[in-house]
Amino acid sequence: MTGRGRPRKSPDTKCAESKTRPEEMKRVSQPGCPEKDFTEERQNGTTKEQKPKERKKANHTEEKPSVQSTGKDKTTKPFTEAPVQGTKAKTYTGRAKTTEQPAEGITKTQPAIPKDTTKDSLKTTKVKTRGVKAKSPVAEVTTNTHPPTPKETTKASIKTKKAKTCTDKANSPEEFTEKTTKRQPATPKDTMKACVPQDSCDDKAAVDSLLRTTLELIKIKRNERADAAEVVNKIINQIIVHLKKKTLCFKEVEEPLRTGSYYENLKISNPDEFDVMLPIPVDRVNIEPFGEDGAFYSVALKRGNSPLKTFQETTTLSASKMLKEFRGEVKKSVKEFKEWEVIKKKKGCPAVTLTTTLQSITISLDVVLCLVVKSSWPAFTREGLKIEDWLGRKVKQEHKRKPYYLVPKYEGRGTVEKDGVLAKDIWRVSFSHIEKAILKNHGSQKTCCEKGGERCCRKECLKLLKYLLNLLKEEDSSFDKFCSYHAKTTFLHACCTRTKDTDWRASSLSHCFHLLLKDFVARLKHGVLHNFFIPTQNLLSGPARTRCNNLARRITEEHDKGFPIFKRHQTKNKLGN
DNA sequence: CATGTTCGCGAGTGC
DNA sequence: GCACTCGCGAACAT
């Protein structure tokens with residue numbers, strides 16, 4: 001049977017992924033920090049298509065046949081059903097979604113946000129019957145709103161509900177929650193100052209309540225998830241079928257690795273970002289570090305006749321050429337799917353981003369070309385992934401036996417040359433599959449969060465941190481260099497510091513979140529956040545120190561005042577829709 | 001808090 | 001080697 005459980009069993013081979021990482025991470029090194037690491041892995045999905053089962057719609061749902069006219073601004077392409085992918089494509093009888101969806105205002109804009117999750121599976125669509133969605137129109141209206149993304153500046157105005165901001169936090173001794181201060185060895189030392197909301201005794205309860213209602217707010221709605229998964233899986237399937245049947249260079253593509261927050265169950269607010277890595281196997285490669293942080297490499301194919309030889313220039317495999325060809329094939333494969341638009345290429349970005357609009361929400365799908373390397377990880381990873389104390393030595397070994405991935409990504413100007421190699425032709429290592437595996441199996445005890453085990457609040461803490469970061473980014477564009485990968489990396493290090501499941505009791509949410517924020521703030525103040533897998537790479541070498549300090553200050557402020565930003569957005573959400 | 005749904009995903013099976 | 005089915009867990013929903 002499936003064993004879900006202890007996964008810690010065999011390594012899976014698939015996996016690969018490439019998500020985009022933080023935007024630019026630069027290098028710096030300082031191995032000093034204590035960090036922990038974790039890895040994740042992803043697996044591939046099977047492609048299968050499902051047959052149309054019909055999704056029934058619930059009560060009155062009217063079906064709308066394919067078209068959804070709701071177009072929204074963005075791409076408006078109606079979703080006509082495009083031809084399904086060849087084979088089995090299911091025909092998918094229409095899913096009638098409930099149409100309505102007023103446009104609610106918020107279309108999520110999320111320009112700068114780094115992507116995170118997004119992945120989807122290609123299975124094709126089974127038609128899902130998502131009966132649910134149809135709920136009564138009325139209800140729908142309200143529910144649909146996508147709350148979360150607040151776009152605008154929220155700043156002030158909003159009526160905060162009673163906000164009890166205690167202004168004087170004055171005395172809060174250290175953290176309120178202090179009780180358990182767990183050990184945090186390596187943790188950065190600086191802490192937020194007063195930690196925690198202040199004083200009033202009830203504050204703690206109030207904060208706890210606020211955090212929980214916030215979590216409710218940012219959770220992905222089941223029907224939205226179903227709708228998004230359906231369109232995303234369909235297009236991914238289409239792309240893979242095309243690559244396998246119509247191309248030479250990419251026909252060996254393996255199962256897609258669905259990575260990123262959506263597939264890690266960490267996506268917040270809307271199911272609008274999917275990351276899928278398409279792994280191309282390479283037999284043997286020689287990799288040479290490009291730069292000093294150990295994250296980027298030039299890649300050379302060894303003997304053999306791989307179809308990828310076409311992209312090999314003198315001695316190295318040209319990432320830019322290969323990506324260009326890949327992009328062209330992706331474009332061809334989605335040509336018939338008028339509802340999807342291929343976004344213009346962004347410099348140094350390894351993804352071909354496709355977007356579509358579903359019920360006024362823009363869904364973006366990052367399709368990332370990657371090479372799967374089934375040999376030992378680069379030497380720069382030696383000091384990384386320090387999960388022994390958290391997940392165990394054995395788990396670590398299993399992860400390190402899995403392949404690693406290389407994605408066509410560079411930083412800065414593509415024309416910079418080092419040792420005869422242009423920056424645009426280098427590759428960055430990716431361990432998204434390990435990140436995913438770790439997040440899915442994040443307990444020190446095998447039973448953490450499982451049926452017989454105790455629930456922890458690790459994921460909740462990370463979701464809150466991501467949400468807080470998103471909100472702060474929305475109100476201050478100078479924070480656009482910070483992304484969810486910074487939050488995730490900080491979280492992984494935190495897990496390696498506070499290793500026990502009892503350090504993350506579900507009932508201690510506010511305290512655990514407090515400690516996580518403290519960690520994040522300390523790293524921002526130091527300007528050092530090591531890549532979890534490659535400690536020599538500093539993910540904060542990009543953003544200027546001032547910005548790091550400003551963000552640290554804003555976070556501390558929110559924390560000390562009891563997260564007024566969360567309150568504002570809750571209120572807004574309530575009225576808004 | 002228990003029960004029900006659906007997606008994601010691994011594993012098993014048949015061809 | 002596939003393509004497909006089956007069953008379970010996570011997370012949402014009632």
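In the text below, chain A, chain B and the rest are named by the order of the sequence lines, each starting its count at 1. Note that the structure is a prediction, hence the values are computed from the model and not measured.
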Return no unless some side-chain N or O of [X] is found under 4.0 Å from OP1 or OP2 of [N].
X	N	result
A:K244	C:dC2	no
A:Y262	B:dG8	yes
A:R455	C:dA11	yes
A:K451	C:dG9	yes

Going by an N to O cut-off under 4.0 Å, is there a salt bridge joining A:E460 and A:R505?
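Looking at A:R505 together with A:E460, the answer is no, because their closest N to O distance does not fall below 4.0 Å.
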Between A:D208 and A:K204, is there a side-chain N and carboxylate O pair less than 4.0 Å apart?
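Salt bridge between A:D208 and A:K204, a charged N being under 4.0 Å from a carboxylate O: no.
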Take atom [atom1] of [X] and atom [atom2] of [N], then tell me their distance rounded to the nearest Å.
X	N	atom1	atom2	result
A:E264	B:dC7	CD	P	20 Å
A:I220	C:dA10	CD1	C1'	14 Å
A:E224	B:dC7	CD	C1'	15 Å
A:N270	C:dA11	CG	C1'	16 Å
A:K221	B:dT6	NZ	P	18 Å
A:L266	B:dG8	CG	P	15 Å
A:L439	B:dC9	CG	C1'	16 Å
A:E254	B:dG10	CD	P	14 Å

Candidates [options] - which lies nearest the side chain of [X]:
X	options	result
A:A226	C:dA11, B:dC7, C:dC12	B:dC7
A:K440	C:dC12, B:dC9, C:dA10	B:dC9
A:K463	C:dA13, B:dG8, C:dC12	C:dC12

On a plain distance test, is the side chain of A:R222 in donor-acceptor contact with the base of B:dT6 below 3.5 Å?
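Looking at the base of B:dT6, it does not pair with any donor or acceptor on the side chain of A:R222 (distance under 3.5 Å).
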Flag the pair A:F563 / A:F513 as yes when their ring centroid distance falls below 6.0 Å, and as no otherwise.
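Here the rings of A:F513 and A:F563 have centres that are less than 6.0 Å from each other.
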Tell me, with the steps shown, if A:E454 and A:T447 meet side chain to side chain donor-acceptor pair (under 3.5 Å).
CA-CA 7 Å; A:E454 201 146 332; A:T447 53; over 6 Å; no
I need the A:H242 NE2 to A:T247 OG1 distance, nearest 0.5 Å.
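Going from NE2 on A:H242 over to OG1 on A:T247, the span is 6.5 Å.
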